[in-house]
Structure formats: C-alpha cells, structure tokens
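The next block holds one structure in the form of structure tokens; read it before the comments.
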Amino acid sequence: MRLIRRTKAAAAAVVLASALGSTLAACGSAGEDDGEGADVDVAENAADRFDDGTRMKELAEAGSITIGVKYDQPGIGFKGATDDAPQGFDPEMGKILAASLGIAPEDITWTETISDNREPFLRSGEVDLVIASYSITDERRKVVGQTGPYYVTGQQLLVRSDSDIESVDDIKGQEVCSVTGSTSLDNVKAKGAKPRGFDTYSECVDQVLDGTVEAMTTDGAILLGYAAQHPDELQVVGDPFSEERYGIGYSKDHPEMCEWINDTLTKSFEDGTWEDAFDATLGKSGVDAPEQPTLDSCQA
C-alpha cells in the first residue's frame, strides 16, 4: 500500500525511514542495482526552447553536461569498481534534468562529489550541477544556488548491533562520525556528541564497524543502506532528529537555472518519472514512493 503523507515533511520522513528500516532488515537489498534505472524521454531540439545566453541553451547545444554525485551512498548515489556509471536516486534525478536539455544518459559526465567539495566544484565550474544528498541550507545558498527539495529525509544514527546507544539522547560525550562539510556533524555537536569528520561515508562506516567511533550519523535513507549491507553487525536507531531537504546545486553565475530545474522537477512529479526514479532505486527496498515535496520558489 502507498504511504500517506503527514502534514509535516519531517513526519513523512519518519514514516519513510520506518518503512525502509523494516523492509531492509528483511531483504537486505539496499544499494543493489541491476544497472538499469528509470526510462527517460530525451527532448528533441531542446536548444530551441531556451533563450540565447542561458546556461541551459549552452548545455543543450553542447549535448553534454557534468553532474556531481556521491559514489558511496547505496540507493542514493553509488558506483562500484566495475560499474560504468553511478546508480541511485540522485543520478536518476540527473538523467531527468539532462533529458530536458536533449542530453542522453550516456552523454552525462559523472563526477564523484564528496560533501566537502560540493560548493567549490560549483563555484569553479568543475560541474554544472550537484545532486549529491545536498541538503538545502541558508548558509549554502549564500555561495551557490540551491533549489528543490526533490526529496525529504531525516538524520538518524548508525551503531553496532551490540551498542547501548538507542537514541540521540545517548550520544552525549560519544564520538560520532559523518563526512566533513556535512550538516550532520553540526547537528550532533549541538546534541553534545564529539564529531569526527571523514572524506567519505564508507570510511565512517568502517570506523563504526571496528569500534573506533561509537556511531555514524547522516540521513536515515543512507544509513539504512549501510545497515542492509551489514545486517548482523549494524543497525539504525532512534527517530529522525532533523529535517533534511535534498536540493540541486548550481552556480550563482547562472541564476536562470533555478526556474529550469523547478519546471523540470514539477513535470517529473506530474508525469510519473520522479516516482519511476524512486521505484528504480530507493523503492527496491520495497517501500512505495512518498508524495512529492513542495518546491521552494526561485529568488528574483
């Protein structure tokens, strides 16, 4: 049956996390991918639809785009050693946006983007878009463009199966890891934990597995993927204690991209391609796609 959205996005994240948790514990399939995502319709003569001088027209005429995504988040953005391209909900969002520019999936250049280099990559032009579990914040919007959200989740804790930690109330004075540059570290520091930052989530998971740190924290959907990979050793505990609104990053040099991104996301909500993208990735855990979030308005 389909999940029913509550009045607040945070409540929806709780429902989704709970459903994902029970399903993943049973099947342990998060992060697994058959190499095929959702089908996208690549627009024809896309450049004709954009004004001269816009970044969208430039990309459409070039027939290529560079998108930064995570490579180590099962179900969200993951690329194995033998994979030709990253798999996950974030790359699927990238394919939808590229298709609206007339760019096929095989013409997308994927760039591994860690939490700490998302703003630098956008500001330097290393990538055209960042779609990398990129929570929207006022601080980030001071230096780069962010719009969305296209997905809402909440921060939780990943601990060893024999851990005494059951909720965020138990992490005071404990070492808790996440990736450097993420909002997750600030949130657990505010809860009294000792934050430790690493370059990648996989490094952080290893630290929890070998007992170097007591817990890992980030968005619940990501943690559940790792717990499913180590069902006898790791577990996700506690209710979500934040609201994380995943947004799409772009350069402030190209503010016109905001309306294009929002229009494309809105179309994907309406024609079912957003839900298809969810079903092909996070939905493989067995949970139905939640109701689409409300998009922020673009600033004039």
Side-chain angles (χ1 to χ4, degrees), residues 3 6 8-26 28 30-31 70 72-78 88-90 115 132-137 149 151-179 181-198 200-209 213-231 233-246 281-282 285-287 290 293:
L3 294 173
R6 299 183 185 181
K8 292 185 179 180
V14 175
V15 174
L16 178 59
S18 175
L20 278 168
S22 60
T23 305
L24 292 175
K70 295 289 182 68
D72 67 338
Q73 294 179 345
I76 300 292
F78 186 84
F89 190 49
D90 286 354
S115 293
S133 55
Y134 197 17
S135 297
I136 296 171
T137 69
Y151 184 57
V152 178
T153 183
Q155 186 174 342
Q156 291 179 273
L157 299 168
L158 180 72
V159 299
R160 294 184 301 279
S161 297
D162 60 356
S163 175
D164 293 330
I165 295 175
E166 297 180 350
S167 74
V168 70
D169 296 331
D170 300 323
I171 64 172
K172 292 180 180 178
Q174 305 286 343
E175 285 198 320
V176 179
C177 67
S178 193
V179 290
S182 68
T183 56
S184 299
L185 288 176
D186 295 333
N187 291 339
V188 292
K189 183 177 181 181
K191 299 291 185 181
K194 298 177 181 178
R196 285 194 62 184
F198 294 93
T200 65
Y201 286 104
S202 55
E203 289 178 272
C204 191
V205 172
D206 290 341
Q207 299 296 312
V208 177
L209 284 168
V213 299
E214 293 300 318
M216 171 181 172
T217 187
T218 188
D219 308 335
I222 298 169
L223 297 180
L224 288 165
Y226 286 116
Q229 290 183 326
H230 305 276
E233 300 169 274
L234 298 174
Q235 61 179 335
V236 178
V237 298
D239 293 330
F241 55 93
S242 73
E243 179 182 274
E244 303 299 329
R245 304 165 64 246
Y246 285 1
T281 54
L282 290 173
S285 64
V287 67

Legend entry - Verdict with supporting geometry, V205 and L234, side-chain contact (heavy atoms from CB on, under 4.5 Å): CA-CA 9 Å; V205 172; L234 298 174; 4.0 Å; yes
Inset, instruction - Run the numbers on L209 and H230 for side-chain contact (heavy atoms from CB on, under 4.5 Å), then give the verdict. - result: CA-CA 9 Å; L209 284 168; H230 305 276; 3.9 Å; yes
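By the salt bridge (Lys or Arg N to Asp or Glu O under 4.0 Å) test, D164 pairs with no residue at all, sequence neighbours left out. Qualifying side-chain hydrogen bond (donor to acceptor under 3.5 Å, both in side chains) partners for Q235, counting only residues two or more places apart in sequence or in other chains: none. In this structure, the side-chain hydrogen bond (donor to acceptor under 3.5 Å, both in side chains) partners of S202, at least two apart in sequence or on a different chain, are T200. With sequence neighbours excluded, no residue forms a side-chain hydrogen bond (donor to acceptor under 3.5 Å, both in side chains) with R196. A search for salt bridge (Lys or Arg N to Asp or Glu O under 4.0 Å) contacts involving R245 returns D296, not counting sequence neighbours. In this structure Q73 satisfies the side-chain hydrogen bond (donor to acceptor under 3.5 Å, both in side chains) test together with S133, sequence neighbours excluded.
In this structure, OG on S178 lies 4.5 Å from OH on Y201, to the nearest 0.5 angstrom. Between K189 atom NZ and I171 atom CD1 the span is 13.0 Å, to the nearest 0.5 Å. Atoms OG and CD, on S163 and Q174 in that order, are 8.0 Å from each other to the nearest 0.5 Å. Rounding to the nearest 0.5 Å gives a distance of 6.5 Å between CD of E175 and NZ of K194. E214 CD to D170 CG: the interatomic distance, rounded to the nearest 0.5 Å, is 11.0 Å. Distance check, rounded to the nearest 0.5 Å: OG of S184 to CZ of F241 gives 7.5 Å.
The two residues P231 and S161 have their closest heavy-atom pair at O-OG, 4.5 Å. In terms of heavy-atom proximity, P293 sits nearest to V152 at CB-CG2, 3.9 Å. The two residues P195 and V188 come nearest to each other via the heavy atoms CB-CG2, 4.5 Å. When every heavy atom of V176 is checked against every heavy atom of M216, the shortest pair comes out as CG1-C, 4.2 Å. For the pair G75 and T281, the tightest heavy-atom approach, listed with the atom from each and the gap, is O-CB, 3.9 Å. Nearest approach of I76 to A221, heavy atoms of both residues: CD1-CB, 4.5 Å.
S242 places no side-chain N or O within 3.5 Å of a backbone atom of E244 that could act as its donor or acceptor partner. Within the 3.5 Å criterion, the main-chain N or O of Q156 finds a donor-acceptor partner in the side chain of T217.
Counting heavy atoms from C-beta outward, Y134 and S115 have side chains that stay 4.5 Å or more apart.
The side chain to side chain contact (heavy atoms under 4.5 Å, CB included) test with L224 is passed by exactly one of L282, D219, V236: V236.
Within a 6.0 Å sphere centred on CD of E166, other residues, nucleotides and ligands contribute 12 heavy atoms or fewer.
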